[in-house]
Amino acid sequence: PLEGEMAGRPEGVGTTGRQPIRFFADGNFYTPDRKARFIPIRVSTDTRTTPDYPLILNTGRIRDHWHTMTRTGKSPRLSQHIAEPFVEIHPADAQHHGIGDADIVRLSSPRGAVLVRALITTRQRRGSVFAPMHWTDQFAAKGRLDALTAPLTDPVSGQPALKHVAVRIEKFAAAAFGFAVMRDRPETIAADYWAVARCKGGWRVELAVADENIDWAGFAQSLFGASPDVEMLAYHDRDAGQHRIAAFAGERLAGALFVAPGPVAVSRGWAAEQLDATHAGQRQRFRIVAGRAGADRPDIGAIVCSCLGIGANQIAAAVGAGCGTVEAIGEATRAGTNCGSCRAEIRAIIATGRVQAAE
Ligand code: FES
């Protein structure tokens with residue numbers, strides 16, 4: 001909606017009192033006779049798919065970030081919803097290319113490549129993929145989407161060709177995946193793939209490496225910062241490729257690293273919360289290394305409502321208890337009752353619950 005005065009606006013566009021009016025809501029365009037003009041266009045061969053680049057990449061935004069995260073990247077609350085760059089791909093395309101959910105994938109165009117997380121979803125249509133444009137070298141190892149896009153603009157409108165890029169997708173051969181939380185942002189992260197995001201109490205990092213021979217204790221020290229006052233607690237199962245390392249400075253957690261041969265199954269919200277908690281006893285410290293909250297602390301799941309910190313598992317539980325509308329979910333959990341931008345996701349969780357109930 002338009003707010004405030006707009007010099008030279010056509011009649012009927014702008015504001016009337018306190019009621020904003022939308023562009024084109026009255027069916028008129030900004031031409032002398034107020035009618036739209038259709039302009040014949042020629043598709044550039046630079047953006048057409050080929051056998052080498054068979055998928056169409058659409059780039060865009062996600063709900064909680066703005067441009068290149070120069071402001072939203074500083075907010076723990078906004079960064080908790082989606083904390084790394086990703087590509088949405090239809091299940092049939094993922095299967096065709098040998099990609100599993102949460103794999104790291106290389107997306108390449110004739111101009112460059114990025115490494116991002118695979119998100120397999122029927123929201124995406126076959127033959128097309130979607131990736132967000134927010135991640136820069138400041139927040140990810142190789143997440144800059146402008147490395148892929150063609151330096152083309154529409155000759156009439158000047159609009160850059162960001163919505164139609166021919167790409168190919170390949171699984172990145174990760175030998176290990178990692179997830180870490182830490183009080184201070186690490187200076188360097190020696191991983192092929194990494195993405196760093198703010199969280200309450202510090203930072204969180206997703207990572208993956210191709211090298212099978214990483215010294216994970218040394219890696220953890222490089223993430224958390226080497227300090228003589230820090231006490232390390234570690235669990236290593238080299239055969240299973242599982243490593244969990246926690247560092248404590250007094251009663252506070254300085255950092256925790258979880259490593260697995262596949263995508264790491266640790267509750268991100270719970271791990272980030274541990275940075276704000278005190279860990280006086282060995283029992284609490286072992287829980288960190290086990291990567292599990294106590295039985296009295298159920299996992300709330302990935303955050304859906306950033307405003308109120310409500311997770312997917314809490315919303316799913318409310319659906320299971322009989323909440324069948326966004327309003328009912330709001331009453332039961334408060335999710336969706338502030339800015340409202342999570343309401344579409346809440347609706348999707350309700351729909352999934354209905355499908356499961358019908359099966
Ligand atoms: S994200 Fe704002 S109300 Fe849920």
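When reading the values below, keep in mind they use all heavy atoms of this one structure, side chains included, and skip hydrogens, waters and symmetry mates. Counting starts at 1 for both ligands and their atoms, in listed order.
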Identify whether Leu115 and Phe179 are in the same connected component of the hydrophobic contact network (ILVMFWY, side-chain heavy atoms under 4.5 Å).
yes
Which residues and atoms, protein N, O or S only, are under 2.8 Å from atom 4 (Fe) of ligand 1?
Cys305 SG, Cys342 SG
Could you tell me which residues satisfy side chain to side chain donor-acceptor pair (under 3.5 Å) with Arg238, sequence neighbours excluded, listed by chain and number?
none
Would you say Arg71 has more than 12 foreign heavy atoms packed within less than 6.0 Å of its CZ?
no
Please collect all salt bridge (Lys or Arg N to Asp or Glu O under 4.0 Å) contacts where either partner lies in residues 312-334, sequence neighbours excluded, each pair once.
Glu327-Arg343
Residues 302-324 side chain polar contacts: donor-acceptor under 3.5 Å, at least two apart:
| from | atom 1 | to | atom 2 | distance (Å) |
| --- | --- | --- | --- | --- |
| Ser306 | OG | Arg63 | NH2 | 3.0 |
| Ser306 | OG | Asp64 | OD2 | 2.5 |
| Asn313 | ND2 | Asp299 | O | 3.0 |
| Gln314 | OE1 | Gly311 | N | 2.8 |

Tell me whether Glu273 is salt-bridged to Lys200, with the criterion being a basic N under 4.0 Å from an acidic carboxylate O.
no
